[in-house]
Amino acid sequence: MKQLIRTFAVIFLVAFALMYLTSYLNKSQGYSGGNTLTIYNWGDYIDPELIKTFEEESGTKVIYQTFDSNEAMMTKIAQGGTTFDVSVPSEYAISKMKEEDLLLPIDHSKLPNLKHIDDRFLDLSFDPGNRYSIPYFWGTVGIVFNPDLLDGWQLTSWNDLWDPRLRNQILLVDGAREVMGFGLNSLHYSLNDTNEDHLQEAKRKLGELTPNVKAIVGDEIKMLLAGEEAAVGVVWSGDASEIMDENDKLDYVVPEEGSNLWFDNMVIPKTARNLEGAYAFINFMLDPDHAAQNAEYVGYSTPNKDALALLPEDISGDTRFYPEDDVTAKLEVYDNLGKRMLSHYNELFLEFKMHKK
């Protein structure tokens with residue numbers, strides 16, 4: 001028993017020493033719980049130089065972690081094992097996180113740079129009054145295509161994807177809402193449709209697309225399309241911009257039937273520990289100079305009207321990524337369809353993927 005007590009005492013002393021050493025090293029570098037900010041964001045979704053600038057200006061150490069889906073992000077925040085001070089979910093995820101009481105209300109008086117956001121991107125259905133979220137980026141879902149590989153053909157419609165000329169030439173993003181969405185749009189249904197007959201009709205039509213689908217992939221879709229491994233891809237607009245930077249032969253179109261208009265917004269999770277730092281970071285990212293720098297690096301569309309004015313004309317004037325009103329009028333934001341219906345969308349998409357195999 002004495003030996004056991006001595007063993008536990010040694011373990012306790014070693015653990016205490018390690019905790020003290022970690023605390024000392026953090027403080028010696030100017031970092032402590034009060035000036036450490038943990039950010040949870042999509043991969044490659046911020047200019048790293050902006051993080052360095054924020055750290056230098058604020059004296060705050062940024063811990064930057066990434067996720068690859070809204071679902072993974074929500075699960076980790078809900079579990080509460082790691083506390084995050086700022087996260088960047090999409091619109092339907094924000095709606096769901098509100099329902100599950102995972103977010104703190106945002107005090108707009110602490111964000112003087114909020115005035116730079118275009119009114120068109122405020123007070124939207126998923127967060128009335130922007131009580132819980134602040135716009136970060138926005139964009140569309142559309143088609144990237146390589147006219148050189150298609151004898152000059154310019155795609156304009158979702159229904160073009162079913163053309164026999166595209167056999168084994170299409171790459172799709174691995175997303176249930178995106179694929180089921182364009183299946184529904186191709187039939188002139190809403191991408192938020194919950195009518196079972198319409199959903200089954202869309203699934204059957206997607207099944208007819210499989211001879212044209214080369215692969216359903218993740219982030220590698222950008223490399224594959226830029227490398228001309230396929231002639232066509234269904235992608236998010238920011239990915240399209242990045243692909244086109246790598247290969248200027250490619251073009252991007254929002255199909256004439258309509259598509260998704262998505263938003264990624266900054267939020268403060270309920271488990272946040274550094275509220276002062278969270279507000280400072282969000283306000284920093286709302287600064288027009290910083291927002292413009294971030295938009296140039298990431299390639300997505302900024303909701304910051306004063307940042308837009310600072311961007312080069314070849315970016316701000318590109319209607320493929322900053323579409324005119326007649327195009328945006330046909331776009332829909334993803335609704336939070338509820339757990340049951342979202343699971344059904346995922347099941348239908350999985351059936352399509354299995355049919356592809």
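Not measured: the values here are computed from a predicted model.
For the residue pair Asn260 and Glu178, no side-chain donor N or O sits within less than 3.5 Å of a side-chain acceptor on the partner. Side-chain contact, Thr38 with Gln65: no donor N or O sits under 3.5 Å from an acceptor N or O. Under the 3.5 Å distance criterion, with hydrogens and angles disregarded, a donor-acceptor pair is assigned to the side chains of Ser109 and Asp107. Side-chain contact annotation: Arg177 with Asn70, donor-acceptor N/O pair under 3.5 Å absent. Counted by atom type alone, Tyr252 and Asp239 present zero donor-acceptor pairs between their side chains at under 3.5 Å. With hydrogens and angles left out, the side-chain atoms of Tyr300 and Asn294 include no donor and acceptor closer than 3.5 Å.
Arg165 and Asp151 are not joined by a salt bridge, as no carboxylate oxygen comes within less than 4.0 angstrom of a charged side-chain nitrogen. With salt bridges taken as basic N to acidic carboxylate O contacts below 4.0 Å, none links Glu55 and Lys52. With respect to the salt-bridge test (charged N to carboxylate O, under 4.0 angstrom), the residues Asp251 and Arg320 qualify. Between Glu228 and Lys249 there is a salt bridge, since at least one side-chain N of the basic residue sits less than 4.0 Å from a carboxylate O of the acidic one.
Each ring pair (Phe, Tyr, Trp, His ring centres under 6.0 Å) pair with one or both residues in residues 88-120, not counting sequence neighbours, would appear here, but there are none.
In plain terms, the two heavy atoms of Pro323 and Trp138 that are nearest each other are CD-CH2, 3.7 Å. Nearest heavy atom pair, residue Tyr297 against residue Ile46, reads CE2-O, 3.3 Å. In this structure, Asp85 and Ala278 approach most closely via the heavy-atom pair O-CB, 3.6 Å. The minimum heavy-atom distance between Trp162 and Phe182, with the atom names listed, is CH2-CE1, 3.9 Å. Val217 approaches Glu220 most closely through the heavy-atom pair CB-OE2, 3.6 Å. When all heavy atoms of His290 and Leu50 are compared, the closest pair comes out as O-CD1, 3.6 Å.
Leu37 and Leu275 fall within a single hydrophobic cluster, where Ile, Leu, Val, Met, Phe, Trp and Tyr side chains are chained together by heavy-atom contacts under 4.5 Å. Under the 4.5 Å side-chain heavy-atom criterion for Ile, Leu, Val, Met, Phe, Trp and Tyr, Val234 and Leu149 are members of distinct hydrophobic clusters. Side-chain heavy atoms closer than 4.5 Å link hydrophobic residues (I, L, V, M, F, W, Y) into clusters, and following such links, even through other members, never connects Ile117 to Leu310.
Asn283 contributes a side-chain N or O that, together with a main-chain N or O of Asn113, makes up a donor-acceptor pair within less than 3.5 Å. Lys305 places a side-chain N or O within 3.5 Å of a backbone atom of Lys115 that can act as its donor or acceptor partner. Looking at Thr140, its side chain never comes within 3.5 Å of a backbone N or O of Gly142 through a donor-acceptor pair. No donor-acceptor pair closer than 3.5 Å links the side chain of Asp318 to the backbone N or O of Tyr322. In this structure, the side chain of Asn304 engages the main chain of Ala307 through a donor-acceptor pair within 3.5 Å. Checking side-chain atoms of Trp42 against main-chain N and O of Asp68 turns up no donor-acceptor pair under 3.5 Å. Formation of a donor-acceptor pair under 3.5 Å by the Ser133 side chain with backbone atoms of Val267 is not found in this model. For the pair Asn130 (side chain) and Asp123 (backbone), a donor-acceptor distance under 3.5 Å is present. Panel note: side chain Thr66, backbone Gly43; no donor-acceptor pair is recorded below 3.5 Å.
Using the six-membered ring where Trp is involved, Phe281 and Phe54 have ring planes that are perpendicular, over 60° apart on the 30 and 60° scheme.
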inquiry  = Does Tyr64 form a side chain to side chain donor-acceptor pair (under 3.5 Å) with Asn41? I'd like the steps, not just the answer.
reply    = CA-CA 8 Å; Tyr64 190 82; Asn41 198 358; 3.1 Å; yes
ask   = Please walk me through it: do Lys330 and Glu257 pass salt bridge (Lys or Arg N to Asp or Glu O under 4.0 Å)?
value = CA-CA 7 Å; Lys330 298 179 182 179; Glu257 297 91 348; over 6 Å; no
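Side-chain contact between Leu199 and Asp197: absent, with no pair of heavy atoms (C-beta onward) separated by less than 4.5 Å. Between Leu286 and Ile282 there is a side-chain heavy-atom pair separated by less than 4.5 Å.
Here Asn346 pairs with Ala176 under the side-chain contact (heavy atoms from CB on, under 4.5 Å) rule; sequence neighbours left out.
Rounded to the nearest 0.5 Å, atoms CD (Glu229) and CG (Leu225) are 9.5 Å apart. Atom CZ of Phe352 sits about 6.5 Å away from atom OG1 of Thr210, to the nearest 0.5 Å. Note that the CG atom of Leu206 and the CG atom of Leu348 stand 9.5 Å from one another [nearest 0.5 Å]. Ile134 CD1 to Asp127 CG: the interatomic distance, rounded to the nearest 0.5 Å, is 8.0 Å. Taken to the nearest 0.5 Å, the OG atom of Ser58 stands 8.0 Å off from the CG atom of Asn35. Distance check, rounded to the nearest 0.5 Å: OG of Ser186 to CG of Asp160 gives 11.0 Å.
For the ring pair (Phe, Tyr, Trp, His ring centres under 6.0 Å) with Phe137, the qualifying choice from Phe121, Tyr45, Trp262, Phe263 is Tyr45, the only one to do so.
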